[in-house]
Structures are given as C-alpha cells and as structure tokens.
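These notes are about the structure you will find just below.
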There are 2 protein chains.
Amino acid sequence: MGQSNGTEAVRPLRGEEERAWRALARALVVVPRVLEADLHAACGVTMTEYFVLVNLSEAPERRLRMSELADRGAMSLSAISRVVDALARRGLVERARCPSDGRGFLAVLTDAGLTLLEVAYPAHLRSVRAHVMRHLQGLDLEQFAQAVGRFARFDEDAARP
Amino acid sequence: MGQSNGTEAVRPLRGEEERAWRALARALVVVPRVLEADLHAACGVTMTEYFVLVNLSEAPERRLRMSELADRGAMSLSAISRVVDALARRGLVERARCPSDGRGFLAVLTDAGLTLLEVAYPAHLRSVRAHVMRHLQGLDLEQFAQAVGRFARFDEDAARP
DNA sequence: GGAGTATACTTGCTTTTGCAAGCATCTATC
DNA sequence: GATAGATGCTTGCAAAAGCAAGTATACTCC
C-alpha cells in the first residue's frame with residue numbers, strides 16, 4: 001500500500017531469519033494442501049466447506065448470516081455464497097431468509113450436516129495434530145500464538161521494522 | 001492417507017494449542033494474500049512469477065529446467081509451464097531447449113527480468129519484514145524454523161502424536 | 001410516505017491451478 | 001539398431017475464488 005517507493009536498500013534477512021522465513025514460506029504452501037487432501041479423503045469436503053460446517057455447528061441454533069461466515073473466514077461473500085449453495089445441494093445445510101432483515105440469508109446446518117461433521121471433525125483434528133501441532137512440541141505455545149497472530153495485521157505492521 | 005478410520009475419539013486441542021492453531025490457520029490464509037497484494041502493487045507480478053524470477057536469478061547462467069522450478073516451488077509442472085509462458089510473453093524470461101536432454105526446456109532470465117527483480121526484491125523483502133519477521137522478535141528463530149520446517153513432512157508426521 | 005442512498009447477497013466473468021491425456025524424446029533390452 | 005517403456009513438458013478441462021455489476025431490501029431525510 002502506501003509504503004516507500006520500493007527501490008531503496010533494505011537489509012537482507014540474516015541467516016537465522018532467512019531459515020525461519022524459508023520454513024514458513026514452504027509451510028504456507030504445503031500445509032493447506034495436505035490438510036485439504038486429508039479432509040477430502042476422510043469425508044469428501046473441501047476446507048472451506050468444512051469451515052462453514054464447523055462454524056454453523058458452533059453457532060446458536062446452528063445458523064449464521066452469510067456475511068458473518070465471510071467475516072470469520074476471511075473469504076469473500078461471493079465465495080461463501082457458492083459454498084453454501086454447494087452444501088445445500090448436498091443437503092448438508094439449508095438456506096433461510098433472515099427474519100430480522102429481508103436482505104439477509106441464513107445458512108442452517110442440517111442433521112445430515114451434523115452427522116458428516118462427526119466424521120470430519122476428528123479426521124481434521126488428527127490431521128492437524130499429525131502435520132502441525134506435533135511439531136510444535138517444546139515451543140512456548142503462547143508466545144508462538146501471539147507472534148503468529150500478529151502476522152499481517154493492518155494496524156501493527158505498517159510501521160518500520 | 002492410510003490413517004485409521006476417522007471416527008475414533010481424538011483428544012481435542014488444549015487451550016494453548018487451540019490458540020496456536022487458530023493463529024496459524026489465520027496466517028495461512030492471510031499472509032499469502034497480503035504478500036501477493038504488496039508485490040503486485042510494487043511491480044505487477046504474482047508470487048509464483050516472482051518465485052520463478054528469483055530462482056532463475058540465483059541459478060548458474062540464470063537458467064533452470066522446468067522440472068527443477070516445479071520441485072523447488074512445490075508447484076505442478078503445468079503451473080510452471082504456464083507461468084513461464086506468461087513471463088516469456090512479457091520478455092522477462094526466454095525459453096530454450098535443454099542441450100543435454102531434448103525433452104527438457106530451460107527458462108532463462110533476461111536482462112529485463114533482472115531489472116524487474118531489482119524493484120521486486122526489495123519490495124518483497126520489506127513486505128516480508130513488515131508483515132512477518134517483525135513479529136517474530138523475541139522468539140528463538142532457529143527453534144521456530146526447525147519446528148515449522150517439519151510441518152507436513154511425509155516422513156515425520158505419519159506417526160502418532 | 002417517497003426519493004435517494006446504503007447494505008446483503010447473487011451471478012457473470014476472469015484468473016489460477018491441478019489432474020489427466022497427449023506428444024516428443026530418451027533409455028534399456030533384446 | 002529396433003522396439004517398449006519411462007520421462008519431460010504441454011495442453012484441455014474442470015474447480016475454486018475474487019472482482020464488479022446486478023437485484024432486492026432496508027434505512028434516512030425531507
């Protein structure tokens with residue numbers, strides 16, 4: 001965005017910074033792919049579909065607005081709209097008009113959707129443990145969570161390093 | 001893959017594990033998007049195009065086989081093939097037949113490609129520092145790199161947690 | 001209470017990418 | 001040295017997702 005002009009010198013990464021960044025860059029590509037593959041193998045849903053189902057299952061009355069789903073997942077509304085469509089065609093969710101706002105729509109988790117989650121949730125959890133959490137043993141998880149949680153935050157990272 | 005059947009009980013994540021995973025899951029979605037946006041704003045190339053250009057610039061004679069590029073980037077050969085096509089259309093790389101193997105093709109970085117990198121590299125570096133590395137201050141970077149570097153490795157993570 | 005604007009969602013279009021099939025070339029075996 | 005299979009790359013096709021334009025409903029100010 002409004003950073004400086006892009007050609008001035010920037011200190012390159014030091015050795016240990018370089019290694020940390022390379023490891024992370026690789027993880028950014030590989031982890032989503034592996035989790036997606038595991039989930040697909042276990043129950044035939046994509047990560048975004050799973051995300052919608054889980055969020056609905058945790059919501060009061062198992063229902064949420066489209067925009068709420070989009071916000072939580074950092075996905076566009078159009079993506080959510082299509083994912084909910086796809087889930088509705090398979091009977092895993094139903095669409096309903098929002099009673100308090102006629103412009104709004106709700107996605108409602110069906111019993112079939114909940115049943116599918118009973119397979120998908122443990123499968124995904126096992127996958128996350130095996131591919132990710134397992135490797136964090138010995139680290140200070142609170143410190144890790146705080147650091148990673150600050151990545152790409154609008155407020156914090158505009159300032160100079 | 002060949003894991004157990006997916007319905008057996010799995011211990012849910014503990015509080016600090018949960019927070020670490022949520023932070024990471026968000027980063028997995030948001031970081032690539034932000035870096036991509038910065039890079040595009042700075043010089044109009046995508047991350048995968050940038051990745052190809054950087055790897056070529058570091059290679060002997062500024063040239064690499066398609067398959068070598070694909071391996072390094074954990075991308076499919078078809079994706080690389082198209083990206084190199086796109087770069088070639090813009091004059092940033094050239095294609096050449098591999099002299100030692102008539103089946104193979106090389107992507108060769110042009111002077112124009114190198115010039116573009118002189119803008120793209122510092123822009124990307126600044127972006128990585130601002131959005132990611134900046135937030136790792138205070139952590140043991142070697143330990144972080146080793147842990148993250150083990151994520152989604154085929155060998156390690158088949159075993160039980 | 002009506003006109004104009006804002007909001008919620010949907011849909012058409014485009015881009016990116018993986019998979020699978022196809023083609024060219026190389027290698028091994030006879 | 002000819003034939004069979006393996007390998008390297010390209011290309012057709014389909015899925016996923018963002019942007020922008022369209023539609024329907026709500027809100028605001030007169």
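Chain letters run A, B, ... following the sequence lines, proteins first and then strands; every chain starts at 1.
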Working for side chain to side chain contact (heavy atoms under 4.5 Å, CB included), residues A:Leu92 and A:Glu49: CA-CA 10 Å; A:Leu92 302 173; A:Glu49 290 171 340; over 6 Å; no

Qualifying residue, where the test is side-chain hydrogen bond (donor to acceptor under 3.5 Å, both in side chains) with B:Asp38 and the options are B:His131, B:Arg126, B:His124: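 Result for side-chain hydrogen bond (donor to acceptor under 3.5 Å, both in side chains) with B:Asp38: B:His131.
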
Would you kindly give the [atom1]-to-[atom2] distance between [X] and [N], to the nearest whole Å?
{"X": "A:Arg65", "N": "D:dA26", "atom1": "CZ", "atom2": "P", "value": "10 Å"}
{"X": "B:Leu69", "N": "D:dG8", "atom1": "CG", "atom2": "C1'", "value": "13 Å"}
{"X": "B:Asp101", "N": "D:dA6", "atom1": "CG", "atom2": "P", "value": "17 Å"}
{"X": "A:Glu68", "N": "C:dC9", "atom1": "CD", "atom2": "P", "value": "10 Å"}
{"X": "B:Arg103", "N": "C:dG22", "atom1": "CZ", "atom2": "P", "value": "20 Å"}
{"X": "B:His40", "N": "D:dG18", "atom1": "NE2", "atom2": "P", "value": "16 Å"}
{"X": "B:Met47", "N": "C:dT17", "atom1": "CE", "atom2": "C1'", "value": "15 Å"}
{"X": "A:Leu106", "N": "D:dT25", "atom1": "CG", "atom2": "P", "value": "15 Å"}

Same apolar cluster (I L V M F W Y, side chains within < 4.5 Å links), B:Leu114/B:Val108: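 Each belongs to a different hydrophobic cluster.
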
same_hphob_cluster(A:Ile80, A:Leu106) at 4.5 Å side-chain heavy-atom cutoff: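 Each belongs to a different hydrophobic cluster.
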
Heavy-atom neighbours of A:Arg90 CZ exceed 12 at 6.0 Å: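 Yes, CZ of A:Arg90 has more than 12 neighbouring heavy atoms, counting only those of other groups under 6.0 Å.
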
Near-strand residues of residues 73-99 of chain B, defined as heavy-atom separation under 4.0 angstrom from DNA chain D: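 Hits under 4.0 Å, by residue number: B:Leu77, B:Ser78, B:Ser81, B:Arg82, B:Arg95.
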
Minimum-distance nucleotide (side-chain atoms of B:Thr46 versus C:dT16, D:dA6, C:dT17):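 Selected nucleotide: C:dT16.
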
Reported CZ-to-CG distance for the pair B:Arg129 and B:Leu136, which is rounded to 0.5 angstrom: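 Those atoms lie 11.0 Å apart.
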
Earlier contact from the 5' end, DNA chain C, for A:Arg33 and A:Gly104: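 Of the two residues, A:Gly104 wins.
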
